[in-house]
Peer 1: 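Attaching a single structure in structure tokens format; questions to follow.
Every chain is numbered from 1, with letters handed out A, B, ... down the list of sequences.
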Amino acid sequence: MSDAKPLGGRILTPTFLVCLLVIGVAGYYTYKRFLLGIGAVANLNDGFPWGLWISYDVVVGSAFACGGYVMALMVYVFNGGRFHPLVRPALLASMFGYSLAGVSVLVDIGRYFNVYNLYLPWQINLHSVMLEVALCITTYVFVMWLEFAPAFVEKWKLKKFGAVLDKVVFVLIALGVLLPTMHQSSLGTMMLMAGYKLSPLWHTSTLPLLFLFTALFMGFAMVIFEGTLSGRVYRLEDETHLLAKIGKIIAYLIGVYLILRLQNIFVRGAMPEAFSGSFLGYMFLLENALLLGGMFILAYPGYRHSPRLLFIAAVLVLCGGALFRFNTYIIGYNPGTGWKYFPSIGEQMITYGLIALEIAGYMLFVKFFPVFSAGHKSAAPIPVKE
Amino acid sequence: MKMKRRDLLKGMAGGLALAVLDAPGKSEARTIQALPPEALGILYDSTLCVGCNACMAACKEANHMPVESGSAEQIWDNPIDLSAKTLNIIKKYENGTAATKDVETDGYAFIKRQCLHCVDPSCVTACPVSALTKDKENGIVSYDKDVCIGCRYCQIACPYHIPKFEWDVAYPEIVKCQLCSHLIEQGGISACCSVCPTGASLFGRVEDLIEEARRRLQMTPGKTYAFPVSSMDSGKTHNFTAPKYIRHIYGQEELGGTQVMYLSAVPFENFGLDAFPKESFVSMSSGIQYAIYKGMVYPLVVLAALMFMVKKNKHGETPDANPPAPRQDQALLTQRGEDNE
Ligand code: SF4
Ligand code: SF4
Ligand code: SF4
């Protein structure tokens, strides 16, 4: 049994109510989308068949939701037992992140009644990267709910289920490390098919490795981000010493990533494009500058042990990684025939709604179920200062 | 124990590096697709096209597609590009005064855009549920709405911007030319070619079409020759003076080749037809995918190793308590139960 405890406390906090409101608005647009078609709410078009929903909700969102993956990797594969208290909160956030990425896919795809074809052995196409991503992500969502199930077991004292779960939990954890490694890199492979439509600043056969790296350091950065926020909001014990250690890992990961990234651009002769003063050139520089900034802060022990700087670094890393993924899926994508795309209000609202659902669900779960191990000083949440 | 873990990690890192380095060239992921034996296609000769749009009207009729119009009344069919309502379109290249046909500067030329029925189609490789398939005999790339999930990966993947999506329909479909396979089944040819008055759109076996295209590239400009109309074996011909062709059959080799091919007197880039390499993007990405997964063998090996390590580490730091055999000690574990720290 873990020593995690439910936080308890008031449910209807102002933040929670705001989330409900946003979810309501998103619900309206979702209803409209199913009634009238995707074109009725989204600016998606034949030039940009993928937009905010795929690029944010799935591609960026799932990287934000890699906290559970990287913590499992740390604790169970690299034997970092001291990070154990961070596992369950990270897993919870990942579980919501990935589940809602799944929901957003159902909103995004046109012929949702046909999704079962993804699971029919005689119908699937083994050459399709999309197939691999889809199967991996659905399995992973399922695995995460089971991985999190010990929290339900502890809460409702489901002895029998708990015993069964105990026996297979190592398989679940192992899958929880393998599956994200597979589909996070495949998210990179996916855009190789875009060929000339994707700018050479992002179209490279190294994309799978770059996507895996961004998933890793964004996952770690998210653990710092969430750890800092929930520590403030729920007044938990200070975990800066643990989070700073994670910060150091991020610095190393980004170091290797940037070498790979820049060397690759250089070797393929795309460097002039980066400094050509074009919009895409600036996006490329910005993306890497953000990561470099984060890495710089995290590389110095004095900086990364300051909770404030640590948090700022995490935000920089999250933004840089997210921008890399947006660039690969939307910004650096040019169908070439005069098509334009910027997400419409309705499209954005549906995405905000999913984020709100994530936050509300997280808040609800930490109060009801044993998630946090760190002792908390007060049950009543206080607003974040920043 | 420590040693083992390090070895394994090395192995994983090595696998990844390998996957990245050896990806494009030498993967045996899937053989590059060859032209199917009875491959059917179209040779569109831009220099013969008079822009009458008869092919567009015939296409709409044969495939029961709605009229698409810029004007509110929706009387005239004048689409500006391929769309969910238009499978085939004649577009015009214009430059400067646009005075002379088939001239690049101060000239104009027509181009027919439609699905090219690639030899190694990106859309087919991309589709997760095999809603897009390439016929093994005639090579026609067709679409099955009953399995399509509407993910639109085919739109991302197609290098020629062909598949279109019904954005304003509650339960939409992907739309693209299927070479009138319903007419071919009944012994006919695609509608656009059967109505084309000049033979600009010419239907036939791809091998014959390539031969015909080669013959045209051998012609002396200004001399008169017979050009087949409708289809290679229709027996009908027209006499035209040979133009000054760009010495390239677009589609013969681009990205592995296409079954719809082009001849033109103005460079193909002017029509938005990119100069593509011979190797398709398909072989690039599925090569990488294959190198990483080697038919799911790698993932299973890694999974076994991961399970082994997770079990160790979940049991605290006492490696001697577990025999190091990765698979056989499962039973042992279940008896010992878990001791979460
Ligand atoms: S042109 Fe595009 S849609 Fe047609 S077969 Fe080739 S890849 Fe598929
Ligand atoms: S939209 Fe349909 S046809 Fe296109 S890739 Fe997705 S499932 Fe296949
Ligand atoms: S029917 Fe023939 S001549 Fe008329 S527009 Fe079509 S291809 Fe050109």
Side-chain angles (χ1 to χ4, degrees), chain A residues 1-2 34-40 44-47 49-50 75-77 79 81 84 109-115 117-118 123-125 127-132 134 166-167 169-171 173-175 177-178 182 185-186 189-197 205-206 208-209 212 335-337, chain B residues 5 16 19-20 23-24 30 81 83 122 125-130 145-153 155-157 159 161 164-173 272 274 276 281-282 284-286 288-289 292 299 302-303 306-307 309-314 316-317 333-334 337-338 340-341:
Chain A
M1 287 281 118
S2 75
F34 280 106
L35 208 65
L36 302 172
I38 297 173
L44 294 169
N45 52 56
D46 284 324
W50 289 351
V75 173
Y76 299 113
V77 179
N79 206 4
H84 201 269
I109 62 174
R111 303 180 69 77
Y112 37 84
F113 288 129
N114 285 347
V115 276
N117 286 295
L118 284 168
Q123 204 56 58
I124 58 174
N125 170 14
H127 293 305
S128 169
V129 187
M130 168 74 85
L131 178 84
E132 193 244 310
D166 257 2
K167 284 178 198 163
V169 78
F170 74 98
V171 182
I173 295 172
L175 277 172
V177 173
L178 175 71
M182 286 170 66
S185 53
S186 295
T189 319
M190 196 127 95
M191 284 312 275
L192 286 181
M193 284 283 258
Y196 283 9
K197 292 185 234 175
S205 53
T206 315
L209 193 60
L212 185 60
T337 30
Chain B
R5 182 159 58 230
L16 263 175
V20 172
R30 48 198 282 293
D81 208 335
S83 74
S122 307
T125 308
C127 181
V129 291
S130 321
K145 69 175 192 313
D146 294 328
V147 288
C148 169
I149 61 171
C151 67
R152 311 188 289 281
Y153 192 27
Q155 292 193 285
I156 298 278
H161 319 288
K164 302 293 170 192
F165 189 68
E166 294 179 320
W167 294 101
D168 298 315
V169 175
Y171 201 61
E173 291 171 24
D274 294 308
F276 284 121
F281 300 117
V282 179
M284 184 180 179
S285 64
S286 58
I288 288 180
Q289 193 76 352
I292 298 179
V302 175
L303 182 65
L306 282 172
M307 291 196 314
M309 276 148 72
V310 169
K311 263 203 291 181
K312 286 280 185 211
N313 294 330
K314 260 192 94 66
E317 323 293 324
L333 175 97
T334 50
E338 294 289 295
N340 262 358
E341 62 267 52

Peer 1: Would you mind checking which part of B/Pro159 comes under 4.5 Å of any heavy atom in chain A, side chain (CB onward), backbone (N, CA, C, O), both or neither?
Peer 2: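 When you check distances to chain A, only backbone atoms of B/Pro159 fall under 4.5 Å.
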
Peer 1: Based on non-hydrogen pairs under 4.5 Å, which of A/Pro49, A/Ala174, A/Gly37 is most in contact with chain B?
Peer 2: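 That would be A/Pro49.
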
Peer 1: Select one option (side chain, backbone, both, neither) describing which atoms of A/Ala134 are under 4.5 Å from chain B's heavy atoms.
Peer 2: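 For A/Ala134, neither part sits under 4.5 Å from chain B.
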
Peer 1: Would B/Tyr171 and A/Arg111 count as a side-chain contact (heavy atoms from CB on, under 4.5 Å) here? Give the steps.
Peer 2: CA-CA 6 Å; B/Tyr171 201 61; A/Arg111 303 180 69 77; 3.7 Å; yes

Peer 1: How long is the straight-line distance from CD of B/Gln155 back to CG of A/Asn45, given to the nearest 0.5 Å?
Peer 2: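 These two atoms lie 9.0 Å from each other.
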
Peer 1: Between A/Tyr196 and chain B, which part of the residue has a heavy atom less than 4.5 Å away: side chain, backbone, both or neither?
Peer 2: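 Its backbone and side chain both get close to chain B.
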
Peer 1: Report which part of B/Glu166 has an atom under 4.5 Å of a heavy atom belonging to chain A: side chain, backbone, both, or neither.
Peer 2: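 Contact with chain A is absent: no heavy atom of B/Glu166 under 4.5 Å.
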
Peer 1: How long is the gap from CZ on B/Arg152 to CD1 on A/Ile109, to the nearest 0.5 Å?
Peer 2: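 Reported to 0.5 Å precision, the distance equals 9.0 Å.
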
Peer 1: Which residue out of B/Ala126, B/Cys148, B/Ala157 racks up the most heavy-atom pairs below 4.5 Å with chain A?
Peer 2: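 Maximum pair count with chain A is reached by B/Cys148.
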
Peer 1: Find the one option among B/Val129, B/Leu303, B/Asp168, B/Val169 whose heavy-atom pairs under 4.5 Å with chain A are most numerous.
Peer 2: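 Highest number of heavy-atom pairs under 4.5 Å: B/Val129.
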
Peer 1: Nearest heavy-atom pair of A/Asp46 and B/Phe165: which atoms, and what distance?
Peer 2: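 In terms of heavy atoms, the two residues are closest at OD1-N, 3.0 Å.
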
Peer 1: Can you name the closest pair of heavy atoms from B/Leu306 and A/Val77 and give their distance?
Peer 2: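 For B/Leu306 and A/Val77, the tightest heavy-atom pair comes out as CD2-CG2, 3.6 Å.
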
Peer 1: Would you name the heavy atoms of A/Gly110 and B/Pro172 that are closest together and state the gap between them?
Peer 2: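 Taking A/Gly110 first and B/Pro172 second, the nearest heavy atoms are O-CD, 3.6 Å.
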
Peer 1: I'd like to know if the side chain of A/Asn125 reaches the main chain of B/Ser130, judged simply by a donor and an acceptor atom lying under 3.5 Å from each other, with no hydrogens or angles considered.
Peer 2: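 No; zero donor-acceptor contacts below 3.5 Å.
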
Peer 1: Please flag which part of A/Ile38 lies under 4.5 Å from any non-hydrogen atom of chain B: side chain, backbone, both or neither.
Peer 2: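 Looking at A/Ile38, backbone and side chain both touch chain B.
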
Peer 1: Between A/Leu44, A/Leu36, A/Leu35, which shows the greatest number of heavy-atom pairs under 4.5 Å with chain B?
Peer 2: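 Most heavy-atom pairs under 4.5 Å with chain B: A/Leu44.
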
Peer 1: What's the spacing between B/Ile149 CD1 and A/Gln123 CD if we round to 0.5 Å?
Peer 2: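 CD of A/Gln123 is found 11.0 Å from CD1 of B/Ile149.
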
Peer 1: For the residue pair B/Ile156 and A/Lys197, what are the closest heavy atoms and their distance?
Peer 2: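 Taking every non-hydrogen atom into account, O-NZ, 2.8 Å.
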
Peer 1: Do the ring planes of B/Tyr153 and A/Trp50 sit parallel (below 30°), tilted (30 to 60°) or perpendicular (above 60°)?
Peer 2: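 Parallel, since the angle between the ring planes stays under 30°.
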
Peer 1: Nearest 0.5 Å, what's the CE-CG distance between B/Met307 and A/Leu178?
Peer 2: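 Going from the CE atom of B/Met307 to the CG atom of A/Leu178 covers 10.0 Å.
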
Peer 1: Name the region of A/Ile124, side chain, backbone, both or neither, that has any atom closer than 4.5 Å to a heavy atom of chain B.
Peer 2: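 Both parts, backbone and side chain.
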
Peer 1: Return the minimal non-hydrogen interatomic distance between B/Pro128 and A/Leu118, and the atom names on each side.
Peer 2: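 Reported closest heavy-atom pair: CB-CD2, 3.8 Å.
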
Peer 1: Would the distance check show the side chain of A/Asn114 and the main-chain N or O of B/Lys145 forming a donor-acceptor pair, the cut-off being under 3.5 Å?
Peer 2: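 A pair under 3.5 Å: yes.
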
Peer 1: Which is it for B/Val302 and A/Met182 under the side-chain contact (heavy atoms from CB on, under 4.5 Å) test, yes or no, and what are the steps along the way?
Peer 2: CA-CA 11 Å; B/Val302 175; A/Met182 286 170 66; over 6 Å; no

